[in-house]
Amino acid sequence: MNVIVTDTGFAADDRGEEFQPPEETGAAALDLGPDADVSALIGRLEGVEAIRIAFPAFSDGRGFTMARRLRMMGFTGRLRAAGHVIADQYAMARRAGFDEVEITPELARRQPWEQWQARADWRAHDYQSRLRGAG
């Protein structure tokens, strides 16, 4: 079972959600690939409680853009980044709009909670927010 990372720690993925492909109308939880067209979801987000966005590689940042676009489209449900996301990317994931990150147990062993926790105070390290506050 994969591990869910939130600002408060590691947790088991025990919600029992069944993420469905974006073509599945009426699904409460959607699974988006890194090349999904989020604009195709316009008008279909009501009733969607969670969206999981796949990160197929550590160097693939398309999911961050997708999360930001979904939030700008008004999605207020839970956003989950899944796959190849490392602790150093956690603050960026949170700023982009993700609520949680799903990682493998192997990655959780290599990067324990303390490494993620160092980035859990993601608002304190937001360069753009500090600039806006200084003006």
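- Residues passing the salt bridge (Lys or Arg N to Asp or Glu O under 4.0 Å) test with E23, sequence neighbours excluded: none.
- The side-chain heavy atoms of L30 and P21, taken from C-beta on, include no pair separated by under 4.5 Å.
- Remark: F98 pairs with F55 by the ring pair (Phe, Tyr, Trp, His ring centres under 6.0 Å) rule, at least two apart or across chains.
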- Task: For side chain to side chain contact (heavy atoms under 4.5 Å, CB included), just list the numbers for I86 and Q111, CA-CA rounded to whole Å, side-chain angles, deciding distance to a tenth of an Å, and then say yes or no.
- Result: CA-CA 8 Å; I86 58 175; Q111 293 195 327; 3.5 Å; yes
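- Screening residues 12-42 for ring pair (Phe, Tyr, Trp, His ring centres under 6.0 Å), with sequence neighbours left out, gives no hits.
- Residues M1 and A12 share a closest heavy-atom pair of SD-CB, 4.1 Å.
- Side-chain contact between D13 and V3 is absent, with no heavy atoms from C-beta onward closer than 4.5 Å.
- Sorted by first and then second residue, the pairs that involve residues 53-64 and meet salt bridge (charged side-chain N to carboxylate O under 4.0 Å, His left out), not counting sequence neighbours, are D60-R62.
- Applying the side-chain contact (heavy atoms from CB on, under 4.5 Å) test to T6 and every residue at least two apart in sequence or in another chain returns I4, T8, E100.
- Among residues two or more places apart in sequence or in another chain, the side-chain contact (heavy atoms from CB on, under 4.5 Å) test is passed with E106 by T104, R109, R110.
- Between the CG atom of N2 and the CD1 atom of I103 there is a distance of 8.5 Å, given to the nearest 0.5 Å.
- The CG atom of D7 sits 10.5 Å away from atom CD of Q117, with the distance rounded to the nearest 0.5 Å.
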- Item | Steps toward side chain to side chain contact (heavy atoms under 4.5 Å, CB included) verdict (E18, Q20) | CA-CA 6 Å; E18 294 211 20; Q20 303 294 321; 3.7 Å; yes
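- Residue V5 forms a side-chain contact (heavy atoms from CB on, under 4.5 Å) with just one option from V101, L107, V85, and that option is V101.
- The two residues F58 and Q89 have their closest heavy-atom pair at O-NE2, 3.0 Å.
- For the pair A108 and F10, the tightest heavy-atom approach, listed with the atom from each and the gap, is CB-CE1, 3.7 Å.
- Each side-chain hydrogen bond (donor to acceptor under 3.5 Å, both in side chains) pair with one or both residues in residues 65-76, not counting sequence neighbours, appears once here: R71-D99.
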Please list every donor-acceptor pair under 3.5 Å in which a side-chain atom of residues 31-49 meets a protein atom from a residue at least two apart or in another chain.
unit_1, atom_1, unit_2, atom_2, d
D31, OD1, R52, NE, 2.9
D31, OD2, R52, NH2, 2.7
D37, OD1, S39, N, 3.1
D37, OD1, S39, OG, 2.5
D37, OD2, S39, OG, 3.2
R44, NH1, P22, O, 3.2
R44, NH2, P22, O, 2.4

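- For E24, the side chain to side chain donor-acceptor pair (under 3.5 Å) criterion is met by no residue, not counting sequence neighbours.
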